[in-house]
Amino acid sequence: GAVVSQHPSWVICKSGTSVKIECRSLDFQATTMFWYRQFPKQSLMLMATSNEGSKATYEQGVEKDKFLINHASLTLSTLTVTSAHPEDSSFYICSALGGRALTYEQYFGPGTRLTVT
Amino acid sequence: QQQVKQSPQSLIVQKGGISIINCAYENTAFDYFPWYQQFPGKGPALLIAIRPDVSEKKEGRFTISFNKSAKQFSLHIMDSQPGDSATYFCAASWNQKVTFGIGTKLQVIP
């Protein structure tokens, strides 16, 4: 149980285009999902917290107009990187908070490798 | 500001040996301390976790030791195996947000 999937697993896009990444909780409902980015050989940095039915909360320094987050259902959150540039190339990972109240378990997706050319 | 400090950044251990990774935190509001294992190109997977009211937790070959007064915690991997070779992240959580350490790349050599 507690499986989180991401799609696509890797994507290459041209500079200036937008790309959407999906994060799904497959066997549980997640009112809260998180989006992280990870540069090579570095730690995970939280970008934003996504709550179902409400606006995402962005961490300091993360451009909310560039990284659009939508959490339209209890099993799906999407991250859209708008007008992507080479510096946005990174490994994007989502996580979903386990379904029971008071749980602190975050279940992570397999990640999406974004390369902007 | 690095809220969770992790060391060492890399570790080489012989098969059968003990791998030890140390972490320290500053924010006393943290109330949950998970460890994650990450293989290249994959997302992190929860390995073991502890709450601050417990000083030690053991699951199989993995043990967390927690020192609340020193604000330190560590992961011990007993009988380390080549399959344990991965990057390990300690983390600290408060209000559902997780702050990660910098990671330790563990290599277990035969």
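We name chains A, B, ... by the order of the sequence lines, and we start the count at 1 in each one. Computed over heavy atoms, backbone and side chain alike; hydrogens, waters and symmetry mates excluded.
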**Report entry** Residue B:Q38 versus chain A: region with a heavy atom under 4.5 Å
**Finding:** side chain

Query raised in the report: So what's closer than 4.5 Å to chain A heavy atoms on B:P34: side chain, backbone, both or neither?
Result: neither

Side chains of [X] and [Y] only: does a donor on one sit below 3.5 Å from an acceptor on the other?
X	Y	value
A:S25	A:T75	no
B:T63	B:H76	no
A:N70	A:T78	no
A:T80	A:S18	no
A:D88	A:S90	no
A:W35	A:S77	yes

Considering only heavy atoms, which portion of [X] lies under 4.5 Å from any heavy atom of chain B: side chain, backbone, both, or neither?
X	answer
A:L44	both
A:T32	side chain
A:Q38	side chain

Query - Interface residue of largest heavy-atom contact number with chain B, from A:Q6, A:E59, A:M45, A:K41, under 4.5 Å - result: A:E59

Report summary line: If you tally heavy-atom pairs under 4.5 Å between each of B:G103, B:G43, B:G41, B:P44 and chain A, the highest tally belongs to B:P44

